[in-house]
Amino acid sequence: MAAANTQGPRAPKLPQLLERDPYLAPFEQDFQRRYALFYNRLKSIEENEGGLDKFSKSYKTFGVNQFVDGGVYCKEWAPGAEAVFLTGDFNGWNPFSHPYKKMEYGKWELFIPPGQDGYSPVPHGSKLKVVIRAQNGELLYRISPWARYVVRDQDKVNYDWVHWNPPQSYIRKHRSPERLKSLRIYESHVGIASPEGKIASYKNFTYNVLPRIKDLGYNCVQLMAIMEHAYYASFGYQVTSFFAASSRYGTPDDLKEMIDVAHSMGITVLLDVVHSHASKNSEDGLNKFDGTDSCFFHSGPKGTHQLWDSRLFDYSNWEVLRFLLSNLRMWIEDYGFDGFRFDGVTSMLYHHHGIGTGFSGDYNEYFGLHVDEDALCYLMLANHMVNFLHPECITIAEDVSGMPALCRPVAEGGGGFDYRLAMAIPDKWIQIIKELKDEDWNMGNIVYTLTNRRYEEKCIAYAESHDQALVGDKTLAFRLMDAEMYTNMSVLSPLTPVIDRGIQLHKMIRLITHALGGDSYLNFMGNEFGHPEWLDFPRKGNNESYHYARRQFNLTDDHLLRYRFLNAFDRDMNKSEERFGWLASPPAFVSEKHESNKVIAFERAGLVFIFNFHPYQSYVDYRVGVETPGKYKILLDSDASEYGGHQRLDHNTEYFSEEYPHNYRHNSLMVYIPSRVAIVLQNTDNAK
């Protein structure tokens, strides 16, 4: 790897990063080199494309786009093609009547003038294909990589490209919410968002699911599986058409309406964007678009992900940058998305893609020849573009490696993301529940995992996401209660020890993760109420069944089932955060992590959080340290009857602090803490 160019562009705010973390100082040259690569690419875009704004608007010229006068302009990048044609319903599927003209740098263009009456020669709803004559003379019928709408007829295997240009598109009525200080994210999949055994629709999500999300107190929806993917069971992570919203749920206008309605409720909408790899499909995907194994991807073994069996982008390629940056821009400006959760960032950052590699936190793991600096440069460009053109938008990195400065500004030499997912937290909860008896839970280890994050790099905490809900894994509720969820979740049946333990720990795990684990919080749809069973999409292995590809929201509406207790606690936990803003507050001060008592206590946002994880030991007059003197009352109590608790606490009790220092706090108070209970106390002298 070349040494940093000391004469070249330098990250202007890198000294602040190195001052904040002196252990990064030996890697100053790496940061400078990365920044120089970013700066030079950006400068090159400015000089050769008229600026980043114009460059990232290429979705308005590439593919098939209609002019105001009715004419149609078509443009493709197919560097390996000998010739390119457009065919479809509009010309009776004549493969050669509409040839593209060859341009520089592997680009091809075609202009089709309007009809005599001014109408478009390519009608809305008509089917199209790009015809590529490969270097071996073979004719390949392809979907444009820039296609905006693709559909699959029930009797077909492959998708068809349909020209989407309705006479009247959906007109947005509501502005995006203001940028949130902290996120309470409801991770969602439109297709499974119904109790019915079928693919649910955008309309269903708009009118049946969004009101639930609003009621639960979430202020952000993160949508999976929106970018079109031919294989439903891929959960949306094997993308075939990057610019097309999945048609299995409805039309592009249906999605635009759904986002608009979310905005009307004050809900921010994020897209789970997959720029880490692409489906290997060639008939209806990007693979071999121009007849070669490269084009958008690296050629040879470097261009294939061994585990995912998918294609890997060549992030050093100019046209790949155009394609991916324009993709982000289109989802923001055409659909109204408020930002992105970038999937598979670890795979992008390293040439080894994280395969067979553990990350210990040694800084040498994040610098050197194994880092794909072209991919990192793309992510820096993407975050710079989003922040520059749409500063209200949010970006999140799904990175398991913990790369330093990934969530610091580009000017510091960082990756430019706003948040990273705290991926160690769900793994820790699984490990604890699987391997340890309740008496052996380690309070210090729990606190360490929840608080172990880089200073001033924001994290999104979560107890579980879609990963833990998938077939072959288990949700926390299922790990805790397992088969008894089928027989003992009715209030008419006795409260068994297994169900009681499961309900109490489910609430405690979520609250301590929410309050201690990060700067935002995420939950996967249905897990808030302990959705039973795993998630499994229709496939050959399950006889194409939709039985597990649904969310049984009806379980929370049945007052005879205990799921409603978990649902109510999740709602009130979110509403409490909305009121007091602990996620946007500085990290908590943990005053106690008592191993034998199994008690954790901390303060954040002026609230006192107390957790007693002991399976049977309650404590009377237990001293808890507090910094702020005053009168305290119960704000949230996991033992309340409406949450399926045992009502052991009197909510009229007032707790008065004493000038008695305890656990490094200037004051303290005495509380009753029942077993397996989480309590949040509010200082009523400073009441909000």
Side-chain angles (χ1 to χ4, degrees), residues 425-447 449-450 461-465 468-469 473-485 488-489 494-517 521 523-524 526-533 556 561-574 593-602 609-619 636-649 673-680:
I425 295 174
D427 292 344
K428 175 56 64 177
W429 288 123
I430 290 168
Q431 183 219 338
I432 289 171
I433 293 168
K434 271 177 71 173
E435 298 176 7
L436 300 177
K437 293 188 294 187
D438 292 7
E439 293 88 338
D440 297 332
W441 284 27
N442 185 311
M443 301 296 105
N445 189 242
I446 290 171
V447 169
T449 304
L450 288 169
Y462 59 107
E464 53 188 341
S465 69
Q468 288 73 38
D473 208 337
K474 286 184 176 182
T475 63
L476 286 178
F478 220 60
R479 285 187 187 280
L480 290 165
M481 296 179 275
D482 214 23
E484 287 205 23
M485 293 189 80
N488 296 329
M489 286 300 276
L495 181 64
T496 66
V498 168
I499 296 295
D500 185 27
R501 171 181 179 266
I503 285 177
Q504 309 318 327
L505 287 179
H506 192 272
K507 293 178 290 188
M508 294 179 72
I509 287 169
R510 290 179 124 60
L511 179 59
I512 197 169
T513 302
H514 203 307
L516 191 58
Y521 176 78
N523 165 69
F524 177 64
N527 287 355
E528 70 276 5
F529 63 84
H531 196 288
E533 303 172 326
T556 66
L561 295 178
R562 294 188 165 104
Y563 296 101
R564 66 184 172 91
F565 299 140
L566 299 178
N567 198 68
F569 183 79
D570 198 76
R571 180 192 63 225
D572 290 351
M573 173 176 71
N574 280 323
K593 39 191 173 180
H594 199 296
E595 295 304 337
S596 57
N597 290 347
K598 302 297 174 208
V599 170
I600 295 171
F602 58 88
F609 296 81
I610 307 165
F611 295 81
N612 180 6
F613 281 99
H614 205 289
Y616 54 83
Q617 187 70 56
S618 298
Y619 303 103
L636 190 63
D637 164 23
S638 69
D639 205 39
S641 60
E642 61 265 35
Y643 309 139
H646 300 285
Q647 309 175 63
R648 288 169 288 178
L649 287 163
I673 324 173
S675 58
R676 281 203 190 115
V677 161
I679 314 165
V680 184

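Side chains included, hydrogens not; waters and symmetry mates left out as well; all remaining heavy atoms used.
- Of all heavy-atom pairs between Glu464 and Leu476, the closest is OE1-N, 2.8 Å.
- Remark: Arg562 engages no residue in a salt bridge (charged side-chain N to carboxylate O under 4.0 Å, His left out) (not counting sequence neighbours).
- Expressed to the nearest 0.5 Å, how far CZ of Arg571 lies from CZ of Phe569 amounts to 11.5 Å.
- Residues passing the side chain to side chain contact (heavy atoms under 4.5 Å, CB included) test with Asp482, sequence neighbours excluded: Lys474, Phe478.
- Interatomic distance, Ile509 CD1 to Ile425 CD1, rounded to the nearest 0.5 Å: 12.0 Å.
- The side chain to side chain contact (heavy atoms under 4.5 Å, CB included) test applied to Asp572 returns Leu636, Tyr643, not counting sequence neighbours.
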For Arg510 and Met573, run side chain to side chain contact (heavy atoms under 4.5 Å, CB included): C-alpha distance rounded to whole Å, both residues' side-chain angles, the deciding distance at 0.1 Å, then the answer.
CA-CA 9 Å; Arg510 290 179 124 60; Met573 173 176 71; 4.2 Å; yes

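- Checked against side chain to side chain contact (heavy atoms under 4.5 Å, CB included), Gln647 has the following partners two or more places apart in sequence or in another chain: Ser641.
- Considering only heavy atoms from C-beta on, Val599 comes within 4.5 Å of Tyr619 through its side chain.
- Between the CE atom of Met485 and the CG atom of Leu480 there is a distance of 9.0 Å, given to the nearest 0.5 Å.
- When the side-chain hydrogen bond (donor to acceptor under 3.5 Å, both in side chains) test is applied to Thr475, no partner is found at least two apart in sequence or on another chain.
- When side chains are defined from C-beta on, Gln617 does not count as touching Lys598, because their heavy atoms never get closer than 4.5 Å.
- The backbone N or O of Asn445 lies less than 3.5 Å from a partner atom in the side chain of Asn442, making a donor-acceptor pair.
- With sequence neighbours left out, Thr496 forms a side-chain hydrogen bond (donor to acceptor under 3.5 Å, both in side chains) with Glu484.
- In terms of the salt bridge (charged side-chain N to carboxylate O under 4.0 Å, His left out) criterion, Arg564 has no residue partners (sequence neighbours excluded).
- Glu528 is linked by a salt bridge (charged side-chain N to carboxylate O under 4.0 Å, His left out) to nothing, counting only residues two or more places apart in sequence or in another chain.
- Counted by atom type alone, Trp429 and Thr513 present one or more donor-acceptor pairs between their side chains at under 3.5 Å.
- Between Phe611 and Ile673 the shortest side-chain heavy-atom distance does not fall below 4.5 Å.
- Each of Asp570, Asn523, Asn574 was compared with His514 under the side-chain hydrogen bond (donor to acceptor under 3.5 Å, both in side chains) criterion, and only Asn574 meets it.
- The shortest side-chain heavy-atom distance between Arg676 and His614 does not fall under the 4.5 Å cut-off.
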Show the numbers, then the answer: is there a side chain to side chain contact (heavy atoms under 4.5 Å, CB included) between Thr556 and Phe565?
CA-CA 8 Å; Thr556 66; Phe565 299 140; over 6 Å; no

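- The closest donor-acceptor contact from the side chain of Ser675 to the backbone of Ser618 lies at 3.5 Å or more, if one exists at all.
- Expressed to the nearest 0.5 Å, how far NE2 of His646 lies from CD1 of Ile503 amounts to 8.5 Å.
- For Glu595, there are no side-chain hydrogen bond (donor to acceptor under 3.5 Å, both in side chains) partners, not counting sequence neighbours.
- For the side chain to side chain contact (heavy atoms under 4.5 Å, CB included) test with Phe613, the passing option among His594, Met508, Glu439 is Met508; the others fail.
- Sorted by first and then second residue, the pairs that involve residues 496-508 and meet salt bridge (Lys or Arg N to Asp or Glu O under 4.0 Å), not counting sequence neighbours, are Asp438-Arg501.
- Pairing each heavy atom of Leu511 with each of Ala678, the nearest pair is CD2-CB, 3.8 Å.
- Two residues are said to be in side-chain contact when any heavy atoms from C-beta on lie closer than 4.5 Å; Leu649 and Val677 meet this criterion.
- Here CG of Asn612 is found 8.0 Å from CG of Asn597. Values are rounded to the nearest 0.5 Å.
- By the side chain to side chain contact (heavy atoms under 4.5 Å, CB included) test, Gln431 pairs with Lys428, Glu435, sequence neighbours left out.
- The salt bridge (charged side-chain N to carboxylate O under 4.0 Å, His left out) search around Asp639 returns Arg648, not counting sequence neighbours.
- Here CD1 of Ile432 is found 4.0 Å from CD1 of Ile446. Values are rounded to the nearest 0.5 Å.
- Among all heavy-atom pairs drawn from Gln504 and Ser638, the shortest one is OE1-O, 3.9 Å.
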Apply side chain to side chain contact (heavy atoms under 4.5 Å, CB included) to the pair Ile512 and Phe609, showing each step before the final yes or no.
CA-CA 8 Å; Ile512 197 169; Phe609 296 81; over 6 Å; no

